[in-house]
Number of protein chains: 2
Amino acid sequence: MALFLSTYVNKVDKKGRVSVPAKFRAVLASKGFDSVVLLPTINGDAIDACGMDVMERLLEKIGGFDPLSEDRESFADALMSDAVELPIDGDGRIMVPLELLENAGIEGQCAFVGRGDSFQIWQPEAFEIRKKQARARAVQKRASSLGGEGGAND
Amino acid sequence: MALFLSTYVNKVDKKGRVSVPAKFRAVLASKGFDSVVLLPTINGDAIDACGMDVMERLLEKIGGFDPLSEDRESFADALMSDAVELPIDGDGRIMVPLELLENAGIEGQCAFVGRGDSFQIWQPEAFEIRKKQARARAVQKRASSLGGEGGAND
DNA sequence: TTGACTTCCATAAAATCCCATGATATTCCA
DNA sequence: TGGAATATCATGGGATTTTATGGAAGTCAA
């Protein structure tokens, strides 16, 4: 399997550890990674997660080292400074930095949400709300490509 | 590839010593370095930091310019003459020259800010301000330059 | 010898590793 | 097919290691 699919809700323990769903670990491992990269979503609702390959692609897009480019500076600051690479421990867990958890309103439990190339980590109820909105929008737009959407989580 | 990611705030002690974050030391070590190169940022807000490899790439870039042009002169002056190579001691610390610290307004604490290929050292509050600006700019630009790619963002 | 820089050592906090457990899923065979 | 034997997984807790930081002792040059 090569895609992050489905949604899993796991516990955040007292030490701040969370199990990465085994299926997601398998996807990462298939790409040769034993770590995950996390960064806040653009609008701050949740946490984006991906393998280092995605970060490298982003950095390439930003451009090589060009110290005079203001755009490069902005991207570098906004993306790289908030991103963290977390090693996955022997039991399949990571330690999510407190700041990211607080930022996403996560406490006690979190939802791992597959998105294909990447996944996200949400406060479970916030994700449910967000999903309803997304579904409503999809229905409204009669998006034919998402016709059967949602089957993985019910 | 290992990248400098995330932001760490560490103390500058009375002797001027600062711990380089372990994650950053690991990146440097993976490239075979036991030292860091520091130089003032172009606009003087902070300190740029990287491994010797990045300096070599920069020198190549400069070398491509006409040796008589003013550009070459100013690049060489700005980048190479102010740069210092600092050894990382047995406890993972460096001694940042006073001039660089003062120039960046650093005292007591400093923020190590990952930028992928390189990192920067900031006075913590100055960086927070800068980051807000950078993020606003990145959001604004995102649609046109990074539109849709990577799947890492919401 | 004084001052500046390096090793070296001590410590508290934090991160990481290791093992145990219960729950769920999977395999295997009569 | 049923159901026991076996794996896998998420989770808890303790032991061990790493990290950041402070201070003392050793080096070297002016």
| request: Calculate the interatomic distance between B:Arg93 atom CZ and D:dG23 atom P; express it in whole Å. | output: 11 Å
| Which whole-number value in Å describes the distance from B:Ile88 CD1 to C:dT6 P? | 13 Å
| message | So does A:Asp45 get a backbone contact from the side chain of A:Asn43, meaning a donor-acceptor N/O pair under 3.5 Å? | response | yes
| To the nearest Å, how far apart are B:Ile94 CD1 and D:dA20 C1'? | 14 Å
| said: Please determine whether a side-chain nitrogen or oxygen atom of A:Lys23 lies at a distance below 4.0 Å from atom OP1 or OP2 of D:dC9. | reply: no
| query | So does A:Lys14 get a side-chain nitrogen or oxygen closer than 4.0 Å to the phosphate oxygens (OP1/OP2) of D:dG13? | reply | yes
| In whole angstrom, what separates A:Leu98's CG from C:dA14's P? | 11 Å
| Could you state the CG-C1' distance from A:Asp89 to C:dA14, rounded to the nearest angstrom? | 15 Å
| request: Check whether any side-chain N or O of B:Asn10 sits under 3.5 Å from a backbone N or O of B:Ser19 as a donor-acceptor pair, and report yes or no. | output: yes
| With respect to the side chain of A:Ser19, which nucleotide from D:dT11, D:dT21, D:dG22 is positioned closest? | D:dT11
| field | Side-chain donor/acceptor of B:Asp91 to base of C:dC8, under 3.5 Å | value | yes
| said: Just checking B:Glu125: does its CD atom have more than 12 heavy atoms from other residues, nucleotides or ligands closer to it than 6.0 angstrom? | reply: no
| said: Does D:dA20 have OP1 or OP2 under 4.0 Å away from a side-chain N or O of B:Arg25? | reply: yes
| message | So, does B:Lys15 get its side chain near the phosphate of D:dT21, meaning an N or O under 4.0 Å from OP1 or OP2? | response | no
| task | Would you mind telling me which of B:Asp48, B:Asp82, B:Ile121 makes a side-chain contact (heavy atoms from CB on, under 4.5 Å) with B:Leu38? | result | B:Ile121
| remark: In whole angstroms, the gap separating C1' of C:dG22 from CG of A:Asp13 amounts to 16 Å
| task | Scan A:Val9 against the nucleic acid and name what it touches under 4.0 Å (heavy atoms): base, sugar-phosphate only, or nothing. | result | nothing
| query | Separation of A:Arg17 atom CZ from D:dG13 atom P, in whole Å? | reply | 9 Å
| query | Reckon B:Pro87 touches a base, only the sugar-phosphate, or nothing at all at heavy-atom distances under 4.0 Å? | reply | nothing
| query | Whole Å only: how far is the NZ atom of A:Lys11 from the P atom of C:dA23? | reply | 13 Å
| request: Check the angle between the aromatic planes of A:Phe24 and A:Phe119 and answer parallel, tilted or perpendicular using the 30° and 60° thresholds. | output: tilted
